Every structure is written in C-alpha cells, then in structure tokens.
Q: 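Handing you a structure now.
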Amino acid sequence: MKINLVLSGGMARGVAHIGVLKALEEAGLEVKAISGVSAGAIVGTFYAAGYTPEEMLKILKATRWLKIFRLRVPKKGLFSLSRAEKELRRYLDYERIEELSLKLWICATDFLEGKPIYFSRGELIPILLGSCTLPGLFEPIIYDRYLLIDGGVVNNLPVEPFKKSRRKLIGVDVNPTAKVSEAKGIVHILARSFLLAVRSNVDKRKEACDLVIVPNIERFSPLDINKIDELYTLGYKKTLQKLRELGA
C-alpha cells in the first residue's frame, strides 16, 4: 500500500520517527510523500534523501551533540546553529528540496507574518534549520522574505499538504505529555514549555489522518538524545501494534 506520512516535532523524541519508518517498511507500506516539522522534518528529509532507518540511527549515534549547539551571548537565541548547518551539509548532498528522491514538505513558521509556510521547493538546509529553530533557544533563520522559526509554533502536525490527496494518511505524534518531577534548568524549561504550548494545535489535525501513531515516550525528556535506542524501539513497537489492530 502507498501512503502519505506526517511527522510531528518533539526534539530528541523525534528519534521515534525512525522506528516508525522501519516498522512501516517491514509491513510493506510504501511512503510516497512526507510532511514534517522540526524533528519530523529532519527525519523526513533524511528519508527523502535515501537514507535507511538503520543509516539514520548510525549517524545519530556518531554525532557529538554537545559540540553541535554552541552557546552564544544572548541576542535572538541562546545557541548558534552554525555547526548544525555544517553537520547537515555533511550528509545531505542536495541544494534544494525538490531535488530529493521523495516528495517532501517542510513546515516552518514565518515569524514576521505569524503563519505556517509549507515548503516543497527552495533551499533545503536553511529551510530545514528554520523548521527546527525553537524560539528562545535558537536564533531565527533569515530565508528569502521570511524570518523562520520552528513550524510547531503554529502547526506541529502539518497535514495541510495532503488535504487533496486520496492516499491513506498516517500521522505520527512524538510529543505526548506527562508529569515531570522537576525543572532541570533554563534549556529544559524552555523546551518543555514550548512542547506543552504546541499541543493545542495538534489534536484537531489528527482527525484528518486515517491512522495516528503516538509512541509511548511520555517519560522521555525532549532533550534525551542519549536515549536513541529506547526511543527508536518504542516508535517501532507502537507502529507494529497499531498496524496489527488495523489488520495491516
């Protein structure tokens, strides 16, 4: 079966998307197009560039995350994305979104207009970085006439590109919420506050999906990038479970 796929944001929890992709492949479902935002945009981009789930996991484990995000004197963000840009260019040998082997939409928010933009064409790296630019943590990305920040601010499950498609639509939400025991610092506070805020724009959009997958990752912090194997496995297992329920 050919499907369309929507991947939400969720910071480190986005690793679960990779497990979802692996389970879909094993079930014989062919992803024909992806719409992603923030972490979902990153996973979607790598998949659209031809990377397998196994290759994506290998890259994640080889990345020195603490060195990618460089602390800066606060102006428009606490961290610079310049090193993240270099890392993305190491693996993504594409200049433009439309050059990818799979149809892809990247959702980012235009800070100036306060509206979501669904990019299916344009310069890949700046648009992808813009989709992941959490306000307060990272400096907005200037692209064309836009000032881009994280797409999840206004749309953390971008189903809109598929409104006229007749293919089955699977949505993956990797931003479930649960109680935490403490506030662990300014970065954790900003990240959790952001993800709590974007919950309100997701639930209505789930109604547009034929199937919604929400991995059981509530206990993981959005900063738990050291929990790659666990997040991947939970995304994989939840997808298999949901597909069995549907008889797929």
Side-chain angles (χ1 to χ4, degrees), residues 2-11 14-15 17-18 20-21 24-25 30-53 55-56 59-60 63 68 81-134 138-165 167 169-172 174 198 205 208-209:
K2 297 177 181 180
I3 63 167
N4 293 329
L5 188 63
V6 182
L7 304 178
S8 81
M11 299 185 69
V15 175
H17 286 314
I18 303 175
V20 171
L21 285 167
L24 293 176
E25 286 184 351
E30 181 183 358
V31 178
K32 297 299 292 184
I34 298 175
S35 175
V37 59
S38 198
I42 293 178
V43 173
T45 296
F46 273 77
Y47 197 68
Y51 284 93
T52 65
E55 289 170 337
M56 284 188 265
I59 291 171
L60 280 173
T63 300
I68 283 185
L81 285 173
S82 59
R83 290 179 180 172
E85 178 179 355
K86 291 180 182 178
E87 196 73 7
L88 286 174
R89 292 190 185 278
R90 281 183 60 196
Y91 297 106
L92 296 171
D93 191 24
Y94 295 89
E95 289 297 322
R96 299 184 63 83
I97 298 172
E98 61 267 33
E99 295 172 356
L100 295 165
S101 57
L102 201 64
K103 185 65 178 179
L104 175 73
W105 281 268
I106 297 175
C107 175
T109 299
D110 178 21
F111 179 82
L112 301 177
E113 292 283 342
K115 296 178 181 179
I117 310 293
Y118 307 101
F119 292 97
S120 60
R121 302 178 63 85
E123 296 179 49
L124 176 62
I125 300 301
I127 293 172
L128 182 56
L129 286 171
S131 179
C132 304
T133 303
L134 273 71
F138 303 115
E139 187 172 7
I141 301 295
I142 299 172
Y143 175 71
D144 196 14
R145 65 183 185 275
Y146 307 111
L147 187 61
L148 300 180
I149 59 174
D150 197 297
V153 170
V154 291
N155 188 349
N156 205 40
L157 194 69
V159 300
E160 282 75 2
F162 299 128
K163 280 188 173 180
K164 296 182 179 180
S165 176
R167 288 196 198 104
L169 179 60
I170 295 179
V172 187
V174 295
V198 304
R205 288 182 168 92
C209 301

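These numbers were taken from a predicted model, which means no experiment stands behind them.
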Q: More than 12 heavy atoms of other residues, nucleotides or ligands under 6.0 Å from CG of Leu112: yes or no?
A: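 Atom CG in Leu112 is crowded, with more than 12 foreign heavy atoms closer than 6.0 Å.
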Q: Considering all heavy atoms of both residues, which atom of Pro158 and which atom of Ser35 are nearest to each other, and what is their separation?
A: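 Shortest heavy-atom contact: O-OG, 2.7 Å.
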Q: Out of Ile106, Ile97, Leu104, which one pairs with Leu128 under the side chain to side chain contact (heavy atoms under 4.5 Å, CB included) rule?
A: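 Of all the options given, the one that passes is Ile106.
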Q: Mind checking whether Tyr91 and Tyr51 have parallel, tilted or perpendicular rings, split at 30° and 60°?
A: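 Answer is perpendicular, since the angle exceeds 60°.
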Q: Is any side-chain heavy atom of Thr52 closer than 4.5 Å to one of Glu25?
A: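 Heavy-atom side-chain distance check fails, nothing below 4.5 Å.
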Q: Can you tell me how far CG of Leu147 sits from CD of Glu139, rounded to the nearest 0.5 angstrom?
A: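 It comes to 9.0 Å.
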Q: Return the minimal non-hydrogen interatomic distance between Met56 and Ile18, and the atom names on each side.
A: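 Closest heavy-atom pair between Met56 and Ile18: CB-CD1, 3.9 Å.
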Q: Can you check whether Glu123 reaches Arg96 side chain to side chain, under 4.5 Å on heavy atoms?
A: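 Yes; the side chains approach each other to less than 4.5 Å.
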Q: What are the two closest non-hydrogen atoms of Glu55 and Gly50, and how far apart are they?
A: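 Closest approach of Glu55 to Gly50: OE1-O, 4.0 Å.
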Q: Is any side-chain heavy atom of Val31 closer than 4.5 Å to a side-chain heavy atom of Ile3?
A: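 Yes, side chains in contact.
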Q: How long is the gap from CD1 on Ile42 to CE on Met11, to the nearest 0.5 Å?
A: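 CE of Met11 is found 10.0 Å from CD1 of Ile42.
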Q: With distance as the sole test, does Ser131 use its side chain to make a donor-acceptor pair with the main-chain N or O of Val37 at under 3.5 Å?
A: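 The answer is no, because no donor-acceptor pair under 3.5 Å joins these two groups.
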Q: When you compare the side chain of Ile170 with that of Leu24, does any pair of heavy atoms fall below 4.5 Å?
A: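 Heavy-atom side-chain distance check passes, below 4.5 Å.
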Q: How close do Arg205 and Glu160 get, heavy atom to heavy atom, and via which atoms?
A: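 Smallest heavy-atom distance, with atoms named: NE-OE2, 2.8 Å.
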Q: Quick one: closest heavy-atom pair of Leu129 and Ala84, and the distance?
A: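 Scanning both residues completely, I find the closest heavy atoms to be CD2-CB, 4.4 Å.
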Q: Determine yes or no for a side-chain-to-main-chain donor-acceptor pair under 3.5 angstrom, with His17 supplying the side chain and Ala41 the backbone.
A: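 Side chain of His17 to backbone of Ala41, a donor-acceptor pair under 3.5 Å: no, none is there.
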Q: Mind checking what makes salt bridge (Lys or Arg N to Asp or Glu O under 4.0 Å) contact with Arg167, not counting sequence neighbours?
A: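 Arg167 satisfies salt bridge (Lys or Arg N to Asp or Glu O under 4.0 Å) with no residue once adjacent residues are dropped.
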Q: Please report the interatomic distance SG(Cys132) to CD1(Ile149), rounded to the nearest 0.5 Å.
A: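 Taking SG in Cys132 and CD1 in Ile149, the distance rounds to 12.5 Å.
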Q: Check Ser38 against Leu134 and note the closest heavy-atom contact, atom names and distance.
A: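 Heavy atoms of Ser38 and Leu134 come nearest at OG-CD1, 4.3 Å.
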Q: Verify, without hydrogens or angle tests, whether Asp110 (side chain) and Tyr146 (backbone) share a donor-acceptor contact under 3.5 angstrom.
A: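 It does not hold such a pair.
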Q: Do Pro161 and Tyr118 touch side chain to side chain, with heavy atoms closer than 4.5 Å?
A: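 Pro161 reaches Tyr118 side chain to side chain.
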Q: Taking atom CZ of Arg89 as the centre, report whether more than 12 heavy atoms of other residues, nucleotides or ligands fall under 6.0 Å from it.
A: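 Count over threshold, so yes.
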Q: With a 4.5 Å heavy-atom cut-off, do Leu5 and Leu21 have their side chains touching?
A: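 Leu5 reaches Leu21 side chain to side chain.
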Q: I want to check something: taking the side chain as every heavy atom from C-beta on, are Val43 and Val20 in contact at a cut-off of under 4.5 Å?
A: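 No. Closest side-chain heavy atoms not under 4.5 Å.
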Q: Take Phe46 and Leu88 through the test side-chain contact (heavy atoms from CB on, under 4.5 Å) and record every step on the way to the result.
A: CA-CA 10 Å; Phe46 273 77; Leu88 286 174; 3.9 Å; yes
Q: Rounded to the nearest 0.5 Å, what separates atom CD1 in Ile141 from atom OG1 in Thr133?
A: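 Spacing of CD1 (Ile141) from OG1 (Thr133) equals 4.5 Å.
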Q: Rounded to the nearest 0.5 Å, what's the gap from CG on Asn4 to NZ on Lys103? Could you check?
A: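 Reported to 0.5 Å precision, the distance equals 11.5 Å.
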Q: When rounded to the nearest 0.5 angstrom, what distance separates CG in Leu169 from NZ in Lys163?
A: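 The NZ atom of Lys163 is 12.0 Å from CG of Leu169, to the nearest 0.5 Å.
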